[in-house]
2 protein chains.
Amino acid sequence: MHSTQNINQIITHAETLCKSHGARLTTKRKLVLSSLIQSGKALSAYDLIDLCKENFNENIPAMSVYRILEFLENEKLVHKLKLANKYVACSHITCNHDHGVPQFLICGTCDHVKEISINKSTISQLKNDVEQAGFQLINSQLEMNCICNSCQDKSA
Amino acid sequence: MHSTQNINQIITHAETLCKSHGARLTTKRKLVLSSLIQSGKALSAYDLIDLCKENFNENIPAMSVYRILEFLENEKLVHKLKLANKYVACSHITCNHDHGVPQFLICGTCDHVKEISINKSTISQLKNDVEQAGFQLINSQLEMNCICNSCQDKSA
DNA sequence: TGTTAAAGTGTTATGTTATAACATAACACT
DNA sequence: AGTGTTATGTTATAACATAACACTTTAACA
């Protein structure tokens with residue numbers, strides 16, 4: 001997915017982003033973020049505990065992992081997938097521009113996640129339908145249960 | 001939401017539907033379904049345990065409620081909302097025609113759920129974007145976090 | 001009508017995800 | 001050093017969900 005080299009670069013970049021507005025990307029936060037990036041997929045908080053132990057021999061209690069994930073989410077470095085109760089690294093960490101609300105395709109077989117941008121027009125159509133029904137969208141992040149082509153090929 | 005009269009009619013109808021292909025809508029299943037319909041909103045399995053106790057003085061263990069909800073889902077009488085880990089009665093129980101995949105608007109404040117149909121064209125656009133990304137939609141059920149107008153008015 | 005296989009339910013244990021509440025450590029600034 | 005703030009540790013518990021196995025009811029039919 002990413003080489004160690006690449007990950008270090010991404011982490012450095014993330015650190016700069018945090019610093020730019022006074023947030024601190026501490027050691028533990030780095031470990032969690034690194035593990036998540038390295039895995040290249042959606043992981044639960046408890047998966048991350050195991051990975052940090054495996055990769056870095058660090059025991060991070062569940063409570064801390066949840067707090068760290070919340071921090072990283074606020075920093076827009078990770079996204080929480082409510083459909084799967086899992087977390088993924090933002091696929092645009094290294095870009096500097098602002099992003100719209102992301103849409104996620106979650107492979108139910110291998111947990112790989114693809115972050116895509118859907119046509120603004122499609123989204124605004126959706127929003128329209130929602131408002132017709134007397135609701136307001138809080139969050140236009142869509143999460144869709146999918147199967148990726150690679151898993152589909154394997155099972156065929 | 002529904003009068004007792006209406007609920008009884010709906011239950012009777014549901015029972016007929018089940019019978020038509022050899023499934024049984026047992027007493028406990030009726031109690032769970034009634035409670036869900038009566039509430040008019042999305043409830044967790046554990047909410048339903050409480051409601052069945054309250055409404056009918058019946059103690060239904062968690063395990064049974066989950067089994068019953070699974071049965072009702074297979075019968076297309078209820079839908080599972082993965083975003084909220086809750087369940088809602090299908091809003092079309094009494095129709096006899098087949099329905100497409102439903103889309104849900106979930107009010108994050110009061111848990112009311114609206115089941116809407118989104119333009120087929122919007123959905124097929126979505127599907128298209130997904131396939132472009134190398135994924136296949138397993139399930140085009142969308143669940144969207146919203147706030148309903150009534151809650152929004154209250155907070156204003 | 002009695003036997004039986006399947007379906008439904010009960011029961012207990014356990015797994016998984018998430019948060020509350022409170023204590024301590026580390027850091028940053030004076 | 002003193003103080004405020006942020007991060008982390010620790011323990012307990014809430015909330016959601018399933019596994020495994022036993023017992024009971026139902027309907028089906030010899």
Side-chain angles (χ1 to χ4, degrees), chain A residues 14-15 18-33 35-36 41-53 56-75 77-88 106 108 111 143 145, chain B residues 14-15 18-33 35-36 41-53 56-75 77-88 106 108 111 143 145:
Chain A
E15 199 167 12
C18 287
K19 269 189 187 152
S20 75
H21 59 280
R24 280 184 289 161
L25 195 63
T26 64
T27 307
K28 308 244 163 181
R29 287 169 177 171
K30 281 182 198 170
L31 297 183
V32 170
L33 182 56
S35 298
L36 196 52
K41 56 180 191 172
L43 298 176
S44 73
Y46 290 83
D47 292 337
L48 282 166
I49 292 171
D50 295 344
L51 257 189
C52 285
K53 177 65 184 168
F56 308 110
N57 201 36
E58 279 274 347
N59 292 301
I60 310 183
M63 189 68 248
S64 292
V65 171
Y66 278 106
R67 284 189 285 224
I68 287 169
L69 287 169
E70 194 188 5
F71 169 88
L72 295 173
E73 213 192 345
N74 287 333
E75 295 299 319
L77 296 170
V78 316
H79 299 289
K80 174 174 188 172
L81 302 177
K82 293 192 188 171
L83 256 192
N85 293 318
K86 289 187 174 163
Y87 301 80
V88 279
I106 306 169
D111 282 337
E143 302 175 29
N145 284 309
Chain B
E15 199 168 12
C18 287
K19 270 189 187 153
S20 75
H21 59 280
R24 281 185 289 159
L25 193 65
T26 64
T27 307
K28 308 248 163 181
R29 287 169 178 173
K30 281 182 198 170
L31 297 183
V32 170
L33 181 57
S35 298
L36 196 52
K41 57 181 192 175
L43 298 177
S44 75
Y46 288 82
D47 293 336
L48 282 166
I49 292 170
D50 295 344
L51 257 189
C52 286
K53 178 64 186 166
F56 308 110
N57 200 36
E58 281 273 346
N59 291 300
I60 309 184
M63 191 66 247
S64 292
V65 171
Y66 278 106
R67 283 189 286 224
I68 287 169
L69 287 169
E70 194 187 7
F71 169 87
L72 295 172
E73 213 192 346
N74 287 333
E75 295 299 319
L77 296 171
V78 315
H79 300 290
K80 176 173 188 170
L81 302 177
K82 294 191 188 170
L83 256 193
N85 293 320
K86 290 187 176 165
Y87 302 80
V88 280
I106 305 169
D111 281 335
E143 302 174 29
N145 284 310

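In what follows, every chain begins at residue 1, and chains take the letters A, B, ... in the order their sequences are listed.
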Looking at DNA chain C, which of residues 42-52 of chain A put a heavy atom within less than 4.0 Å of it?
-> A:S44, A:Y46
With Watson-Crick and G-U wobble geometry limited to distances under 3.5 Å, how should the secondary structure of DNA chain C be encoded in dot-bracket form, using | for bases paired to another strand and [ ] for crossing pairs?
-> ||||||||||||||||||||||||||||||
Phosphate oxygens OP1/OP2 of C:dA6: is one of them under 4.0 Å from a side-chain N or O of B:R24?
-> no
Do B:E143 and A:E143 come within less than 4.5 Å of each other through their side chains, counting heavy atoms only?
-> no
Identified side chain to side chain contact (heavy atoms under 4.5 Å, CB included) counterpart of A:K53 within the set A:N57, A:I49, A:D50 | A:N57
Using the test side chain to side chain donor-acceptor pair (under 3.5 Å), find all partners of A:S44 that sit at least two apart in sequence or belong to another chain.
-> A:D47
Considering all heavy atoms of both residues, which atom of B:L36 and which atom of B:Y87 are nearest to each other, and what is their separation?
-> CD1-O, 3.4 Å
Note, B:V65 side chain near B:C52 side chain (heavy atom, < 4.5 Å) | no
Using the closest heavy atom to pick a nucleotide of DNA chain D for each, name whichever of A:N59 or B:M63 lands nearer the 5' end.
-> A:N59
Residue pair B:E70 / B:K80, side-chain heavy-atom distance below 4.5 Å | no
Show me the side-chain donor-acceptor pairs of residues 23-32 of chain B shorter than 3.5 Å, one per line, residues at least two apart or across chains.
| residue | atom | partner | partner atom | Å |
| --- | --- | --- | --- | --- |
| B:T26 | OG1 | B:R29 | N | 3.4 |
| B:K28 | NZ | B:E58 | OE1 | 3.4 |
| B:R29 | NH1 | B:R24 | O | 2.7 |
| B:K30 | NZ | B:E15 | OE1 | 3.4 |
| B:K30 | NZ | B:E15 | OE2 | 3.1 |

Specify the separation, in whole Å, of atom CG of B:N74 and atom C1' of C:dA7.
-> 14 Å
Chain B vs DNA chain D, heavy-atom contacts under 4.0 Å, first-to-last nucleotide span, 5' to 3', is D:dC16 to D:dA27
Between CG on residue B:L81 and CD1 on residue B:I106, distance to nearest 0.5 Å = 4.5 Å
For A:K86, enumerate each residue passing the salt bridge (Lys or Arg N to Asp or Glu O under 4.0 Å) test, keeping only those at least two apart in sequence or located in another chain.
-> A:D111
Would you indicate what A:R67 reaches in the nucleic acid, counting non-hydrogen atoms under 4.0 angstrom: base, sugar-phosphate, or nothing?
-> base
Side chain to side chain, A:L43 and A:S35, heavy atoms closer than 4.5 Å | no
